[in-house]
Structure formats: structure tokens, C-alpha cells
Peer 1: 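Sending over a structure as C-alpha cells; questions will come in a sec.
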Amino acid sequence: MSRDRRQAPALRRWRDEAAIAALLGLLACILALGGWTWRFDRLVYDFGLSLWRRPAPADIVIVAIDDASVARIGRWPWPRAVHATLLERLAQAHPRATALDLVLSEPDPDPQQDLLLARALRHAAPVVLPVAWQRLPGAPLGLLLPVEPLAGAAALGTAEAPVDEDGVLRHAFLHAGPTDSIYPHLATTLLQIGGGAIAPGLALEEETQSSGGAHRDGRFLIRYLGPPGTFERISYVDLLLGRVAPGRLAGRYVLIGMTAQGLGDTLATPVNGSHEAMPGIEVLANTLATLRDGDAPRALAASTVAAVSVLLLLAQLVAFGRGGPRLALPWAVASVPLALGAALLALRAGVWCAPGPYVLASALAYPLWSWRRLERAVAGLDREIARLTSEPLETRFVARQGTSDGGDAIGARLQTLHRAGLLVRQARRFLADTLAAMPTAMLVADERMQVVLANPAAAALFEVESADELRGLDALRLLGEFATDPACDWARAVAALGPEQPGIAVEARLGEVEQGDYVIRVAAVDLHGQRRLLIAIVDIAPVKQAEREREEALAFVSHDLRSPANSIVLLADMNLSGAVHTPVDALLREMRALATRTLALSEAFVRAAHVQYQPLQRAAVAPAAVVADAIGELRAQALAAGVELRTAVAPAPAEVVVDRLLLVRAVTNLVGNAIRHSPRGQAVEIGTEALGAGWRLTVRDRGRGLSAAQLEQLLGGHTGALVRDARGVGLGLLFVQRVAHRHGGRLTVTAAEGGGSRFAIEFPAPEH
């Protein structure tokens, strides 16, 4: 494949991703600059303010005209003398500043009431009163100022509530009013008359805003500290009746306003949630805290939001390309909650970045990216089909394709590719299955002697996890791990091989340490004009082991079996020559004992040798029946030896699948040994018990037990002692051990409490 052909797919991919990035970036910019996602953004903003609550300042307190006050004083509105009385009491507490959030633009029917309230305002100073305005049909914007006796007795501030399009109050203005009469915000005036000042770092969104005859400047977001009820409240009637200690209000900002239901002074705010609407006096408290502390959220400009959204979209598309289709979808799904979480965390830190433009564009990123990837795949499919049609083999596939897909272009392409690759797949599958099924380690190497195919047996031989790890390795280096005598020059021997030659076979050992015996066979074959080498590594260790066991068996026969036979011959010769004169009865008994010993040794040897290879005759049998058969054969021997046989057979398992004859013989050997080695008057205990999903058969005696050397011989290897070790542990125990191994279990020997040994055959759970 040429360099241009390799670079073409990458170039097409980057071109598509650049086009998607440009499209999504343009969309994000339009959404951010046009404010099209304002509803979604404000929902997130409101949720963030509700989530990140803060404690209310201790120096701001609300005197609430609540339901209890209305019930005690009377229906609203109250006479202004009531407010005058409250202010007189408040003057005694010496608050820092007071806001009487009541629009007093109409004179009281009794002029003395207004004079009385004006005098109380001067006495309780500093006090601020609200200024409102209204627009009557066909008339310009008009101010609603307090009546003259009151306006001159207190400071003034605007009490405008500029709600957003959805009716929620999220921001305020430092100054507002008709263009010819602009007043500071009520909270600004309250802060100033109390000796405070607006925080220097207050985040202002806009300088000026003029429309419909009204002027506003210094827009800022109100940092609501919590839902309604966050600020401390004192009931109006409690303060009026002297139930509040004066020191409780000293040096604090006191905000007097309506909270009673039905009075109408409530507003929708971002933090209302499921609570009732927030009273206007508490909105004023939040505004005052925001101005003084300067912690109003700083909203990023629309251009900044657009730039941040574009950068995040670029990062997302790069992540799609780097992670591929497997990671693209999880990242696309996670990007939205991550963006929302980041926006909320930024809001907590005092910065508001509207997430809507990025979230909406991000939701389209994965579908667009997947669509273009699919289009590139289809185009690549067409190119591959075009190449296949130039192959002689493909004409057969195209002729067989027909129109079975009913006009489905992608299905037709896939069907053509499937048929075109069918022979290749079948051939590779056949070769791979054949190699995998072979118990012999197999390697296939190319002309450069690099491994191109291997089977699991080869992976196990070279101690790697899978055959794939052998691919690409140097076959000569792998063969060099084997030691040959004489040394084999594999490079020269392989180079001399040809397809017509029978190949070479070399006997070798793995590594410097004796790890096994192998025969390595190497043959060369021709595959589509290319030379391939087939390397078979045959493990001949079992053959060598069989030869060694045969030699050991012959040595055993020549030693242990010849000894009693020689004794018989020597005894007969001595009596025939007259060297000794043994009575006939004694001579026959001695010769019979020697012959019996010879027969027993030969029978035990044959059993121990054949039990490893003869097929098991498995059948369902109760463990209690096995124990009963073994005891039945040895009951007379136990009576003669003065040994009691005790059984303890558990009811579970009810049946097991074993070779009954072999297992009975194994139990007979264990119990017979226990009887022979137990003192008279003692007992031999035979029992069965459940062992998890398997079961255990135990024999306990009171004999002297096995020595440390015997235990090491018996339990040292995978299959236990060899035939040559039989003189140490006895052929009977060797037979028992091999019966347990053939059934997938094991023989264990432990010292029993009170002396003697405990022999246990543990059987695994039956296979289903």
C-alpha cells in the first residue's frame, strides 16, 4: 500500500471532523450571542442558587408585618400612627439604619397622622422610604413619591422589581427611575445612610439601559442566600408591644415590610422552589447583602460563553477521534452532566457561564460524528468492493449476489464482501482450528523465520499467556532455547530445507536444566509461491518416563521378588545336602510362607502398576456399601488380631460414582494395614463424611504411624511415590494413593490424637 493510500483515510477523517467542528462552533456562537437558550440557562442558574445556600448576615433583620400582626392590630392598611409608634420604639434600640418598605404616596385622611409619622421618622433616623412609579394609559411615566410631610423626613430609594421574561426576579439596578428623576436603589440608599458602601468588586453587567421613558444603570445579579425565611424575622406586633429587647436591634439594618398572606407584596425568585413566593422585604434584604458583600455572581459575556463553548466542542471532537467509537458514546453521554456540573461549580465560585449553547451543540456532536464515520465506512466499503471485482475469484461472488437485499445498498455491499472473504476465512479457520486441536506444540514461520501462527500447546511450552504473543518472534531464537547433543546449527539446517525434502528431526532438551525431552521436527512447504516452515515440537517425556518406570519395575522384581525365591532354593539345597535337617512340617511351613510372600508382592506390584492405566468402571454406589464390603473381607483378620472395627458412615452423600472394586480394594489395604499395626485391644475406625460438594473416607488406627521419610516419599509428587519407593511406603499404600488420584482425589496422612495415624481419601464433587 502506497503512502498516499495510507494517508487518504486519515485526511478524510480530519476533514470531516473539521467540518463538524466548524458547524457546531457556529451553532454554539449563534445560540450564545442570540440568547436562544435563556430558558434552559436560567433553570440551571436557579438550581445552582438553590443548591449553594449561604448563611444570612447577622446584622440584617426583618420586622415582618405578618399574619399575627394583622390579626392583632386590625385590617390593613393601618393608621399611620401605628407606624409612628413602632418607629418611636425602634428609635430607642438605635439601629444602624431602617427601611420602611411601604409606598406612602397618598395622604392620610387625618393630616395629623402624617405629621405624627414624619416626626417619628426624624426621631428614628436614618430611615429610607421607597419611591415607585407607574404608567397610566396615555400618560408619561409618573413617580409615586411619599407625601410631602414624609418625603422630607426620610431618605428615598427606588423599589423597582425588574423581573425577567419568565417573571422571576434575578437582578436589580443601582439606579433607576424616569429619565428626569433617577433614584438609587432602596438597598443602596439604606447601605449609604447606615455608613456603609457598595463593595468595590461588585460585578455589574451593564452600564445603562433606557427604554419607555425609564432609565436604569448598574445592573447586577442578586445573590440570594436561601429560600424565603432565611433572614431573621421579628413580628411587627412584638416590636410594637415592647416584647423585643432594644439591644437586639442595636447596630443592625432593620427592614420593615409585609410578609402576611394576601397583602400582595411577594415575588418569584430563583430560590423559591416549592416554598411560597418570597416577600419583597426579603428580596430587599438579599439585595442589601449582595451590595455590601459584593458577592453577586459575575455573568460572563455572551462572546465569552461562545468562545468557551467552541473550545469545549473542539476538545470533545478530539476525544471522539482519539478514543474511537467505543469511548465516543460514553464521553458524549457524560459531556452534558459534566458541563452542567462545571457550570454549577463555577456559580458557587461566583462566575456564571451559561451552559445552554454548549449543551445543545454537544448533543448534536455524536450523531453528526457517527453519521460522517458511517459515510466514510460506506465509501471505504465501495473501494474494497471495487478492488475485489478485479480479482478472478470475485467474479464468482458477484454473479451469485443477485438482488436478495431488495435495494439495500449497504446490505448488498456487505454480502459481496462476505462472499469474497468466505474462502479466506474458511481456510484460516481450518488451519487455526487444526493447529489449536493438536496436542503437539506447532509453529508456522515465514521466510524471515518470524512466527506467523502458533497453537495453544506452543504458548504453554514457551510459557506465554496466548499463542498471539508468539507471533512476530524469531523462530530461530525460540529453537535456540533447546539444548541438543551434538549442538544443532538451526540457521544452517533450516536454510538447507526445501519443499521437496522430508525435513529434519532433532532430539533436544528444554534449557540447561532438565525440563523435558522433546523431538523437534522442521519441514518446509510452499504456500502460494511463498516458503513457509512447519515446526513441530513433540514432548517425549512420557515415553522416557515409561522407559524409566519399566527399568525401575524390573529392578524391583529382580530385588524384592528374587529374595524370597532365593531363600526357598537355598533352604531346599541345604536340606538336600544334609547341611541341615529341618522337620518336614516346619520346612513346608517355612517354604509356604516364603512363596506366599512372593505371591503377595507380585500381586501388589501388578495392582499398583496397572491401576494407573486400566480404565475405571464407574458406577453409582453408596459409601456405606464400600465400607461394608471392605470390613466383610477383614472381619476375621480383625478378630484374630484382637482389634475392633468401628464404623461411622455419614448419611450424605447418599451415592457416589466410583470404580467400586478399586475403591473397595483401596479401603481393604488401608484397614488391613491398620489392623496389622494396631496393638491388641485397640480399635480401627472407618468413616465417611461430606466434604463441601465432595466427600471423604477416613481410616484411623492406633499404630506407630509412618515415619517422616515415608510421608515424604508418599506425598512428595503429583502422583505420589514411584515403584522404586515401594520398599519405603509399601505397595499397598502406593496402590491406595493411585486409586485416589485416578478418581480425582488425594490421599492424606496425619497423626491422630492419642497416637496412630489418620488416613483420608478426599474425593471432589462429581462432574455433571
Peer 1: Checking Ile234 against Leu249 for the side chain to side chain contact (heavy atoms under 4.5 Å, CB included) test, could you report, in this order, the C-alpha distance in whole Å, the side-chain angles of both residues, the deciding distance, and whether it holds?
Peer 2: CA-CA 10 Å; Ile234 295 175; Leu249 302 177; 3.6 Å; yes
Peer 1: Ignoring hydrogens and angles, tell me if any N or O in the side chain of Asn272 forms a donor-acceptor pair with the backbone of Leu267 under 3.5 Å.
Peer 2: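 A pair under 3.5 Å: yes.
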Peer 1: Can you label the angle between the His83 ring and the Tyr236 ring as parallel, tilted or perpendicular, going by 30° and 60°?
Peer 2: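 Perpendicular.
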Peer 1: So do His175 and Arg216 actually touch side chain to side chain, heavy atoms under 4.5 Å?
Peer 2: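 Side-chain contact under 4.5 Å: no.
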Peer 1: Would you say Arg243 has more than 12 foreign heavy atoms packed within less than 6.0 Å of its CZ?
Peer 2: yes
Peer 1: Do the side chain of Glu282 and the main chain of Gly229 share a donor and acceptor less than 3.5 angstrom apart?
Peer 2: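 Indeed, once roles are kept as given, a pair shorter than 3.5 Å links the two residues.
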Peer 1: Work out which heavy atom in Val305 is nearest to a heavy atom in Ala354; give both atom names and the distance.
Peer 2: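 Nearest heavy atoms, Val305 then Ala354: CG1-O, 3.4 Å.
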Peer 1: Could you walk me through whether Leu86 and Ile256 pass the side chain to side chain contact (heavy atoms under 4.5 Å, CB included) check?
Peer 2: CA-CA 10 Å; Leu86 179 81; Ile256 305 172; 3.8 Å; yes
Peer 1: So, Ser309 side chain and Pro357 main chain: donor-acceptor pair closer than 3.5 Å or not?
Peer 2: no
Peer 1: For a 4.5 angstrom cut-off between non-hydrogen side-chain atoms, does Leu145 reach Trp133?
Peer 2: no
Peer 1: Tell me, yes or no, whether the heavy-atom count around His123 atom NE2, taken from other residues, nucleotides or ligands under 6.0 Å, exceeds 12.
Peer 2: no
Peer 1: Testing the basics here: between Asp114 and Asp108, what is the closest heavy-atom pair and its distance to 0.1 Å?
Peer 2: OD2-N, 3.1 Å
Peer 1: What is the distance from atom CZ of Phe320 to atom OG of Ser370, rounded to the nearest 0.5 Å?
Peer 2: 7.5 Å
Peer 1: For Leu144 and Val131: C-alpha separation, side-chain torsions, deciding distance, then whether side chain to side chain contact (heavy atoms under 4.5 Å, CB included) applies.
Peer 2: CA-CA 6 Å; Leu144 295 178; Val131 175; over 6 Å; no
Peer 1: Measure across Thr269 and Tyr224 and return the closest heavy-atom pair with its distance rounded to 0.1 Å.
Peer 2: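 That would be CG2-OH, 3.6 Å.
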Peer 1: Tell me, do Leu90 and Pro95 make a side-chain contact under 4.5 Å, heavy atoms counted?
Peer 2: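 Answer yes - side chains close enough.
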Peer 1: Donor-acceptor check, side chain of Trp38 to backbone of Glu165, threshold 3.5 angstrom: yes or no?
Peer 2: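 No.
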Peer 1: Would you say the side-chain atoms of Arg298 pair up with the backbone N or O of Gly350, donor to acceptor, closer than 3.5 Å?
Peer 2: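 Between the backbone of Gly350 and the side chain of Arg298 there is no qualifying donor-acceptor contact (under 3.5 Å).
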Peer 1: Side chains of Val147 and Pro149: closer than 4.5 Å at any heavy-atom pair?
Peer 2: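 Result yes, sub-4.5 Å side-chain heavy-atom pair found.
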Peer 1: Partners of Ser69 by side-chain hydrogen bond (donor to acceptor under 3.5 Å, both in side chains), sequence neighbours excluded?
Peer 2: Asp66, Ser235
Peer 1: Just by distance, do the side chain of Arg348 and the backbone of Leu344 share a donor-acceptor pair under 3.5 Å?
Peer 2: no
Peer 1: What do you reckon, are the aromatic ring centroids of Phe173 and His171 less than 6.0 Å apart?
Peer 2: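 Here the rings of His171 and Phe173 have centres that are less than 6.0 Å from each other.
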Peer 1: Rounded to the nearest 0.5 Å, how far apart are CD of Gln192 and CG of Leu291?
Peer 2: 9.5 Å
Peer 1: Within this structure, what is the CG-CG distance for the pair Leu288 and Leu186, rounded to the nearest 0.5 Å?
Peer 2: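 Leu288 atom CG to Leu186 atom CG measures 9.0 Å (nearest 0.5 Å).
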Peer 1: Quick one: are Trp352 and Asp41 in side-chain contact, heavy atoms under 4.5 Å?
Peer 2: yes
Peer 1: Tell me whether Thr85 contacts the main-chain N or O of Leu240 through its side chain, where contact means a donor paired with an acceptor under 3.5 Å.
Peer 2: no
Peer 1: Return yes if some donor-acceptor pair links the side-chain N/O of Ser335 with the main-chain N/O of Ala332 below 3.5 Å, else return no.
Peer 2: yes
Peer 1: Would you find more than 12 non-hydrogen atoms of other residues, nucleotides or ligands less than 6.0 Å from Trp52 atom CH2?
Peer 2: yes
Peer 1: So which heavy atom on Asp101 is nearest to which on Pro130, and how close?
Peer 2: OD1-CG, 3.8 Å
Peer 1: Looking only at heavy atoms, what is the nearest atom pair of Leu347 and Pro297, with distance?
Peer 2: CD1-CB, 3.9 Å
Peer 1: Mark yes when over 12 heavy atoms from residues, nucleotides or ligands other than Phe47 sit less than 6.0 Å from its CZ; otherwise mark no.
Peer 2: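 For Phe47, atom CZ is not crowded (no more than 12 foreign heavy atoms under 6.0 Å).
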Peer 1: Look up atom OH in Tyr358 and atom CG in Leu338, then write down how far apart they are to the nearest 0.5 Å.
Peer 2: 8.0 Å
Peer 1: Is the backbone N or O of Val283 less than 3.5 Å from a side-chain atom of Thr287, with the two atoms forming a donor-acceptor pair by type?
Peer 2: yes
Peer 1: Can you name the closest pair of heavy atoms from Asp295 and Ala289 and give their distance?
Peer 2: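 Minimum heavy-atom contact is OD1-O, 4.2 Å.
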Peer 1: Show, in sequence, the C-alpha distance, side-chain angles and deciding distance for Leu241 and Arg72, and conclude whether the side chain to side chain contact (heavy atoms under 4.5 Å, CB included) test is met.
Peer 2: CA-CA 11 Å; Leu241 298 179; Arg72 180 65 182 271; 3.6 Å; yes
Peer 1: Is the Trp78-Trp76 ring centre distance short of 6.0 angstrom?
Peer 2: yes
Peer 1: Counting distance only, does the side-chain N/O of Asn286 pair as donor-acceptor with the main-chain N or O of Leu225 below 3.5 Å?
Peer 2: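 Yes; at least one donor-acceptor contact below 3.5 Å.
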Peer 1: Can you classify the ring geometry of Phe220 versus His185 as parallel (below 30°), tilted (30 to 60°) or perpendicular (above 60°)?
Peer 2: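 Ring orientation of Phe220 relative to His185: perpendicular.
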Peer 1: Do Pro57 and Phe231 have side-chain heavy atoms sitting under 4.5 Å apart?
Peer 2: yes
Peer 1: Can you tell me how far apart CG (Asp166) and CG (Leu43) are? Round to the nearest 0.5 Å.
Peer 2: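 Here the interatomic distance stands at 8.0 Å.
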Peer 1: So Ile281 and Thr259, do their side chains get closer than 4.5 Å, heavy atoms only?
Peer 2: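 Contact flag for Thr259/Ile281 side chains = yes.
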Peer 1: In Å, rounded to the nearest 0.5 Å, how long is the span from OG1 of Thr230 to CZ of Arg53?
Peer 2: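 Answer rounded to 0.5 Å: 7.0 Å.
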